[in-house]
*Asks:* 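Pasting a structure below so you can have a look.
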Amino acid sequence: MNEPQNPKILSREELHRRVSEWRKAGNRIALANGCFDILHVGHVRYLHAAHSIGAKLVVAINADGSVRSLKGEGRPVMPAEERAEILASLSDVDAVVIFPEKDVRALIREIRPDFHAKGTDYTEDNVPERNEVEACGGRVVIVGDPKNHSATEIIHALGKLGSRSS
């Protein structure tokens, strides 16, 4: 039997309504995004730092098709709905939305975040969505610890372990 969906996992329409409610209550909005194919400590630190900006944290995760186009065949290893459920269980995350596009530009235009939080593998100057964020009145913030963790590396390491046991 399937458990009820986490109330933090929202459709784009529901997210728009929630963001409007938060803004009316005086809250600022932060947006973080990624594939989050296998949740690791780097993700947790990134999301914690994004939440600590002092805003409601929306996490946008790539849909399965966009993960595949970004990361290649065999990815994602976990379907979007499960990745969303895991992220929604984190106390630092206020809302999760799944998006089909390769980047979050459309979502930025829709919710107009005050902050777009990106990990330390970026600089404020090379964030692909930077111009979109600034055009919507927001700013890019680099957060989290150094990029020493990678879902891709974890997947490759697990593959090597699996091939040893055959």
Side-chain angles (χ1 to χ4, degrees), residues 3 5-10 15 18-19 22 27-105 107-108 111 113-130 133 138-165:
E3 292 294 315
Q5 184 174 352
N6 187 307
K8 291 183 187 178
I9 303 171
L10 307 174
L15 178 63
R18 183 81 46 92
V19 165
W22 287 337
N27 293 296
R28 297 183 301 169
I29 309 303
L31 174 67
N33 70 285
C35 296
F36 302 99
D37 199 5
I38 293 181
L39 191 66
H40 56 70
V41 71
H43 290 138
V44 172
R45 292 172 181 167
Y46 161 58
L47 297 173
H48 180 70
H51 185 259
S52 71
I53 293 169
K56 293 288 189 177
L57 179 59
V58 174
V59 179
I61 66 168
N62 294 77
D64 295 347
S66 65
V67 173
R68 207 167 1 273
S69 67
L70 290 167
K71 304 286 186 178
E73 281 305 312
R75 301 285 294 274
V77 296
M78 190 180 315
E81 293 75 18
E82 291 179 15
R83 291 181 279 129
E85 188 174 338
I86 291 168
L87 289 166
S89 73
L90 300 176
S91 62
D92 287 317
V93 175
D94 295 295
V96 178
V97 65
I98 299 168
F99 69 99
E101 301 89 353
K102 281 190 178 182
D103 65 49
V104 291
R105 286 182 175 96
L107 189 60
I108 289 167
I111 68 170
D114 299 286
F115 306 103
H116 182 44
K118 294 298 276 186
T120 57
D121 47 334
Y122 291 93
T123 67
E124 287 184 27
D125 294 330
N126 73 4
V127 169
E129 305 89 357
R130 178 178 157 217
V133 173
R139 72 182 177 95
V140 170
V141 182
I142 305 301
V143 299
D145 64 348
K147 178 113 172 121
N148 295 328
H149 308 90
S150 162
T152 299
E153 290 175 11
I154 293 169
I155 291 166
H156 288 303
L158 290 171
K160 289 176 186 173
L161 286 174
S163 65
R164 283 191 225 155
S165 64

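Numbering starts at 1 and runs along the sequence shown.
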*Asks:* Measuring from Asp64:CG to Ile98:CD1, what's the distance to the nearest 0.5 Å?
*Replies:*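 Here the interatomic distance stands at 8.0 Å.
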
*Asks:* Where is the tightest heavy-atom contact between Pro76 and Arg68, given as atom of each residue plus distance?
*Replies:*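 For Pro76 versus Arg68, the nearest heavy atoms are CD-NH1, 3.7 Å.
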
*Asks:* Check this for me: does any side-chain nitrogen of one of Arg75 and Asp37 sit under 4.0 Å from a carboxylate oxygen of the other?
*Replies:*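 Judged by the 4.0 Å cut-off on N to carboxylate O distance, Arg75 and Asp37 do form a salt bridge.
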
*Asks:* If every non-hydrogen atom of Leu90 is compared with every non-hydrogen atom of Lys8, which pair is closest and at what distance?
*Replies:*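 Looking at all heavy atoms of both residues, the shortest contact is O-NZ, 2.9 Å.
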
*Asks:* Rounded to the nearest 0.5 Å, what separates atom CH2 in Trp22 from atom CG in Asp114?
*Replies:*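 Here the rounded value is 12.0 Å.
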
*Asks:* For residues 47-59, which side-chain donor-acceptor pairs fall under 3.5 Å, sequence neighbours excluded?
*Replies:*
unit_1 : atom_1 : unit_2 : atom_2 : d
His48  : ND1    : Asp92  : OD1    : 3.4
His48  : ND1    : Asp92  : OD2    : 2.8
His51  : ND1    : Asp92  : OD1    : 3.4
Ser52  : OG     : Ala49  : O      : 2.7

*Asks:* Output, in order, the C-alpha distance, side-chain angles, deciding distance and verdict of side-chain contact (heavy atoms from CB on, under 4.5 Å) for Arg130 and Lys118.
*Replies:* CA-CA 10 Å; Arg130 178 178 157 217; Lys118 294 298 276 186; over 6 Å; no

*Asks:* Please find the pair of heavy atoms, one from Leu10 and one from Val97, that lie closest to each other, and give the distance.
*Replies:*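 Here Leu10 and Val97 meet closest at O-CG2, 3.4 Å.
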
*Asks:* What is the distance from atom CG of Leu15 to atom CD1 of Ile29, rounded to the nearest 0.5 Å?
*Replies:*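 With rounding to 0.5 Å, CG (Leu15) is 8.5 Å from CD1 (Ile29).
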
*Asks:* Applying side chain to side chain contact (heavy atoms under 4.5 Å, CB included), can you list everything that pairs with Glu82, at least two apart in sequence or on another chain?
*Replies:*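 Scan of Glu82 (side chain to side chain contact (heavy atoms under 4.5 Å, CB included), adjacent residues dropped) gives Met78, Pro79.
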
*Asks:* At their closest point, which heavy atom of Pro128 faces which heavy atom of Tyr122, and how far apart are they?
*Replies:*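 Taking every non-hydrogen atom into account, CD-CE2, 3.5 Å.
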
*Asks:* Taking all atoms of both residues into account, what is the closest heavy-atom pair of Ala88 and Ile9, and its distance?
*Replies:*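 That would be CB-CG1, 3.8 Å.
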
*Asks:* Give the minimum heavy-atom separation between His116 and Leu31, together with the two atoms involved.
*Replies:*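 Nearest pair, atom of His116 first, then Leu31: ND1-O, 3.3 Å.
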
*Asks:* To the closest 0.5 Å, what do you measure between CG (Leu107) and CZ (Phe99)?
*Replies:*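 With rounding to 0.5 Å, CG (Leu107) is 7.5 Å from CZ (Phe99).
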
*Asks:* After noting the C-alpha distance and the side-chain angles of Leu39 and Leu87, does the key distance pass the side-chain contact (heavy atoms from CB on, under 4.5 Å) rule?
*Replies:* CA-CA 8 Å; Leu39 191 66; Leu87 289 166; 3.8 Å; yes

*Asks:* Which residues pass the salt bridge (Lys or Arg N to Asp or Glu O under 4.0 Å) test with Asp94, sequence neighbours left out?
*Replies:*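 For Asp94, no residue satisfies salt bridge (Lys or Arg N to Asp or Glu O under 4.0 Å) once neighbours in sequence are set aside.
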
*Asks:* Measuring from Phe36:CZ to Arg83:CZ, what's the distance to the nearest 0.5 Å?
*Replies:*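 With rounding to 0.5 Å, CZ (Phe36) is 9.5 Å from CZ (Arg83).
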
*Asks:* So, Tyr46 side chain and Thr120 main chain: donor-acceptor pair closer than 3.5 Å or not?
*Replies:*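 Here the side-chain-to-backbone pair does not exist.
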
*Asks:* Do the side-chain N and O atoms of Asn62 and Lys102 include a donor-acceptor pair separated by under 3.5 angstrom?
*Replies:*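 The answer is no; no qualifying pair exists.
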
